[in-house]
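Each chain gets a letter, A, B and so on, in the order its sequence line appears, and its residues count up from 1.
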Amino acid sequence: MNFSSLLIIVLIVLAGAYFLGRNRARAISHQGMRMHSLPNQYGTLMALWTGVPALILLVAWQLLETPIINHLLIAKLPAAMQAAEPAIIELTISKVYNLAASAGINADPSLTPAVEHLIALNERTLLLNSGMALSLCLICLVVTYKRISPNLRARVEMEKIVNALLLASSGVAVLTTIGILASVLLEAWMFFQIVNPLDFLFGTSWSPQVALRADQAGSSGSFGAVPLFAGTVLISLIAMIIAVPIGLMSAIYLSEYASSNVRKYAKPALEVLAGIPTVVYGFFAALTVAPLIRTLGADLGLDVSSESALAAGLVMGIMIIPFVSSLSDDVINAVPQSLRDGSFGLGATKNETIRQVVIPAALPGIVGAIMLAVSRAIGETMIVAMAAGLAANLTANPLDSVTTVTVQIVTLLVGDQEFDSPKTLAAFALGLVLFLTTLILNFVALKIVQKYREQYD
Amino acid sequence: MNDTNSMKLIENHKTTGEPFSKDVKISARNVDVFYGEKQAIYDASLDIGKNEVIALIGPSGCGKSTFLRTLNRMNDTIDICRVKGDILLDNENIYGAHVDTVPLRARVGMVFQKPNPFPKSIYDNVAYGPRIHGLAQSRVELDEIVEKSLKRAGLWNEVKDRLHAPGTGLSGGQQQRLCIARTIAVDPEVILMDEPCSALDPIATAKIEELIDELREKYTIAIVTHSMQQAARVSQRTAYFHLGQLVEVNPTEKVFTKPEHKLTEAYITGRFG
Amino acid sequence: MTKPTANTMTNNFEKNSGLTTRDKVEKSLARRRAKETRFRLYGMASVLFGVLCLIALFTDIASKGTAAFKQTSLTTSITLDGDYLNLTKDSTVDEIRFANFDGLIKRHFAKEMKPKSRSDKRELFKLLSSGAGWQIQEMLIADPTLVNSSITFELLMDDDVDQWFKHDRQLSTAETNDRLSDKQLNWLSQWIEQDRLDTHFNTLFFTNGDSREPELAGIHGAIKGTLLTLMVTLILSFPIGIAAAIYLEEFAPRNKLTEIVEININNLAAVPSIIFGLLGMAIFINIFGVSRSTPLLGGLVLTLMTLPTIIISARAAIKSVPPSIREAAYGLGASKNQVVFHHVLPLAMPGMLTGTIIGMAQALGETAPLLMIGMVAFVVDVPGFINDPSTVLPVQIFLWSDSPERAFLERTSGAILVLLSFLIVMNTTAVILRRRLERRW
């Protein structure tokens, strides 16, 4: 019996419990007793008590089973194997799984104890899991059934359970943040045991591949992330140079000048730009824009790298235009009409009113919007992964190839990797920097925007 | 008096009293205003004389504010608003084909219902108009304009020590006087006031009313007001609007003591409002 | 214009320049009007730039991608020689799978075109797709009685031929690509004269999984993977997101803790997606041992990513339910839960659905976090369920875009077109739902 069939059985029992509880409540009320709640509320209560604990058990089991079994298996491996590197252990464990699944020829007799152990464990855990889940289901069913009486405040109890479930749901978001922090912090901490944090943050040479080799594992300087930070800043800067003026001017034009007809078509058209997946932009940048810039550069006698920062930044800027324009649009619309009237009433032109009254009044909101856009640019991955290079050059020349934090995270983590190598851990250290930077930007930006909104509410 | 009755009276109306005057600053002729399909003003004709304060009164929604906003084309900012008829400022039609609203509004300034200082310093608020219109050649000249305008608005003594504090930090009454100073700084010929005291307390209101009286020497003023006492205190002539019709225009004293039209009388005596 | 001369309007500020206020205003007008026009033009140009970018993007991809929906093939009549293939009408599927169809095809073309040398032969066979044998095999599996009969079918051509036939044929010989030799071009023109070489709708593109051979590579696996991943995401994020929104909007006490949760959700919505990939790797793979590259894992990661979006829009939908409806229900003696579940929730549902669709559209286009959790693996098989290794459409696009072959480039654009049409359908649904919602009150 596997997870999904168990799940289905629990759901069936749950449905049965509902009808059982409802009918029992009806039966009691037919005897002329005054029930505290309605029959279907008793039914729902029964269903909740029957289903929820069993479902929680099932999911928890599913999540914890693999790590526990792996742990037990490692104990059964030959002693020499246990001391090996984690990557090799991982490989061996998966070999054990394959052997157990095919239950046939065993090439490596040293693994036999582990394989047999796994087969035995699999049988036992399955029995244990289904047994526990189903008995929990039934026990709860019986107990709740017995409790049904006119005095049971079913509605109140049911609502309490529902509220607890709702609360748990909103906790998922918090758990996500904690999960992100925990995972990134832990791995980054391990990384900083190997590489000095100062070397990481201020070193100017990035070549993680070199450090992979055993004889160079400790060589310092190969994890200096400054070129990545500089590359990220350069590309984001190019993107913002495109996106901020164009996004802002589009928002101003659409909200203050455009006729309602133009607005009706132009606004959704810009929003479509925001809905295009980043991988599509990446493709556009790598295969259309980058060659175009290269050819143009060649015509002008410039030496343009085929993976120039300019191409990636330009396309990223296009991607961010609608982001800036829709946020600024909200902000500009929040400026009260009375301020515009005041300015028009003095004989100001539209341009003067916008530049000298509306924009200054909306400035905090616009700054917030730009900060959110910057955070978006810094965290953007696909465009740079496809259109910017891997070369960790420390340069301010937009025609050169640079690499970014996100590109490196992807490069370091995609494909097979050992989990504890500095190379992998470095990705998490970069992730930590990225997370903290964007978190601070977002936090401050959202605060500014919120304050700004309250000012005119 | 209910609405159907008052409609009947309006149907065969011609504005009673003396809507026209000799020393004209602004004259409106056969003005109709529409918001989309809805008509807000029906065939209103009215003269506003030089250096007089004219009060526009009437129950809410009667079109008095709409009429006021047609006088400097503030209604242009509303997409669906259309104006028919002629409005002449010094014998020039302000709705003429080539009239620019910028110099028009520099000549016909406006003070709004709610004080709306810009989120700038007090100085910059007042200097805003002169700056955009290029009225001052030098910093000194600009300082002079600001000081003179603030003095004329009766605000100078209260703010002279904190000219660079934000204008939004002032009290409601001070803010409104700041807005008046801001309007005066452009040196307009006419000032339109749209219920300038409705958001203010009685003391601040009294100060503004006093100010209006002083400003009359130099400017022509049209004021929309909800308060009949205010109209009586500050204006020389009063125009009464009812459901988009200009019902009666007469010297203020006459309107409040011996109104000619039944509707005016009904309004004055508080039968609707 | 009449100047206000010698009237009461004599103005105070004229002493410096000798001009009246009106003169000064009039004087400034030309400059200000020019500025106004310029400003307006900048605005127009900005909007135009955005729209042009959109048009450029779409035309670029469409021009590159539409050809992917056509595939070049050669009308071929071939006898399925039972002796050569070692097959009879009663052969089992396994026997058919092991038969040498490639050999059969090579023999057929060697006979037909009569290449002179070994190298000529090699060049000839290069024109055919390596999947041609597989085509016959599939036909035989479907109908084993075809053994020993002669069949006519559309034999797949190699991607180089495909590209040449679709794009370069009209160019002069000097310009044609160097991937085909003169000899090969000669054979191809023979086939063209015989009217056998032609393009057909590329069904394989929609029915095959990934492949190293461009002409055999399809997006079926990626689409299935995407659907499974989105299914997991939807099943998890919709109920959790809505429950969280209900709690925060209706039940949460207004205190510091709730405020922290709210700030946290707003911030989470703006965290770069790649961070969620790191989370998925460290928590789901390494701690909980969820297997890599599966739609289940992808769905879990995308759930966490889209949850904030769904919660935020669901809260907005709940907020937009007029208080009068709540009051009416309370007035009838309903409990808080009843008010929320019987009245508020149904009314807020269209708004919540809109938000969910938008969240799903976001998840559909997401690539970066899925790269981290192993969905970049080269998967040929079409996934059957949420625990089979698979890839998703955007990741497939990423993988193909890296390939040097021109035919893969074309397929990348084709896959993008498919992805975009999915997105258009989803967003249109969201827009229609939103319109409905707005119409109500």
Side-chain angles (χ1 to χ4, degrees), chain A residues 248 251-267 328-369 448-457, chain B residues 65 68-69 71-80 100-121 124-135 149 166-168 175-176 178-188 190-194 199:
Chain A
L248 199 56
I252 289 171
Y253 183 77
L254 288 179
S255 65
E256 307 273 339
Y257 283 105
S259 68
S260 59
N261 245 338
V262 171
R263 199 163 36 230
K264 205 165 83 193
Y265 295 105
K267 223 175 156 180
S328 324
D329 194 43
D330 288 352
V331 165
I332 288 171
N333 282 332
V335 174
Q337 183 62 30
S338 69
L339 285 184
R340 291 186 182 85
D341 283 350
S343 175
F344 289 138
L346 291 169
T349 61
K350 259 190 173 173
N351 154 44
E352 286 156 355
T353 304
I354 292 164
R355 290 229 293 229
Q356 298 183 40
V357 176
V358 177
I359 300 287
L363 198 59
I366 291 173
V367 169
I448 293 177
V449 173
Q450 195 189 350
K451 270 258 170 65
Y452 166 75
R453 286 258 158 79
E454 280 164 4
Q455 180 192 333
Y456 289 125
D457 267 349
Chain B
S65 283
L68 190 77
R69 290 167 71 95
L71 298 181
N72 71 343
R73 296 184 55 173
M74 275 306 281
N75 282 330
D76 287 15
T77 56
I78 301 162
D79 280 343
I80 55 165
D100 193 335
T101 54
V102 168
L104 168 69
R105 288 180 192 151
R107 293 172 65 194
V108 184
M110 187 155 191
V111 176
F112 297 85
Q113 193 167 1
K114 240 181 84 193
N116 56 353
F118 303 135
K120 299 166 179 284
S121 70
D124 287 339
N125 259 287
V126 182
Y128 178 76
R131 271 189 185 135
I132 56 171
H133 292 304
L135 299 186
S149 307
T168 41
Q175 284 190 8
Q176 194 61 297
L178 178 63
C179 292
I180 293 174
R182 189 173 72 184
T183 310
I184 296 171
V186 185
D187 194 32
V190 182
I191 299 176
L192 309 175
M193 296 186 172
D194 189 358

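- Judged by distance alone, with hydrogens and angles left aside, the side-chain atoms of Gln175(B) form no donor-acceptor pair with the main-chain N or O of Asn116(B) at under 3.5 Å.
- With a 4.5 angstrom heavy-atom cutoff, Val108(B) touches chain A only via backbone atoms.
- Ranked by non-hydrogen atom pairs under 4.5 Å with chain A, the options Arg105(B), Met110(B), His133(B) are led by Arg105(B).
- Side-chain contact check for Arg340(A) versus Val358(A): some heavy-atom pair is nearer than 4.5 Å.
- Heavy-atom distances place the backbone of Pro117(B), and not its side chain, under 4.5 Å from chain A.
- The side-chain contact (heavy atoms from CB on, under 4.5 Å) test applied to Pro364(A) returns Ile448(A), Tyr452(A), not counting sequence neighbours.
- Within residues 252-266 of chain A, no residue has any heavy atom closer than 4.5 Å to a heavy atom of chain B.
- Within the 4.5 angstrom heavy-atom criterion, only side-chain atoms of Arg69(B), from C-beta onward, approach chain A.
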What donor-acceptor contacts under 3.5 angstrom involve side-chain atoms of residues 341-349 of chain A, with partners at least two apart or in another chain?
residue   : atom : partner   : partner atom : Å
Asp341(A) : OD1  : Gln337(A) : NE2          : 3.3
Ser343(A) : OG   : Thr353(A) : OG1          : 3.0
Ser343(A) : OG   : Tyr128(B) : OH           : 2.7
Thr349(A) : OG1  : Glu352(A) : N            : 3.2
Thr349(A) : OG1  : Glu352(A) : OE1          : 3.2
Thr349(A) : OG1  : Glu36(C)  : OE1          : 3.4

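- Every residue meeting the side-chain contact (heavy atoms from CB on, under 4.5 Å) condition with Pro336(A), not counting sequence neighbours, appears here in chain and number order: Ser338(A), Leu339(A), Tyr456(A).
- Put simply, of Arg131(B), Lys114(B), Lys120(B), the one with the most heavy-atom pairs under 4.5 Å next to chain A is Lys120(B).
- At a threshold of 4.5 Å between non-hydrogen side-chain atoms, the residues Asp76(B) and Thr101(B) count as touching.
- Counting non-hydrogen atoms of neighbouring residues, nucleotides and ligands closer than 6.0 angstrom, the NZ atom of Lys350(A) exceeds 12 such neighbours.
- Asp194(B) contributes no side-chain N or O that, together with a main-chain N or O of Gln113(B), makes up a donor-acceptor pair within less than 3.5 Å.
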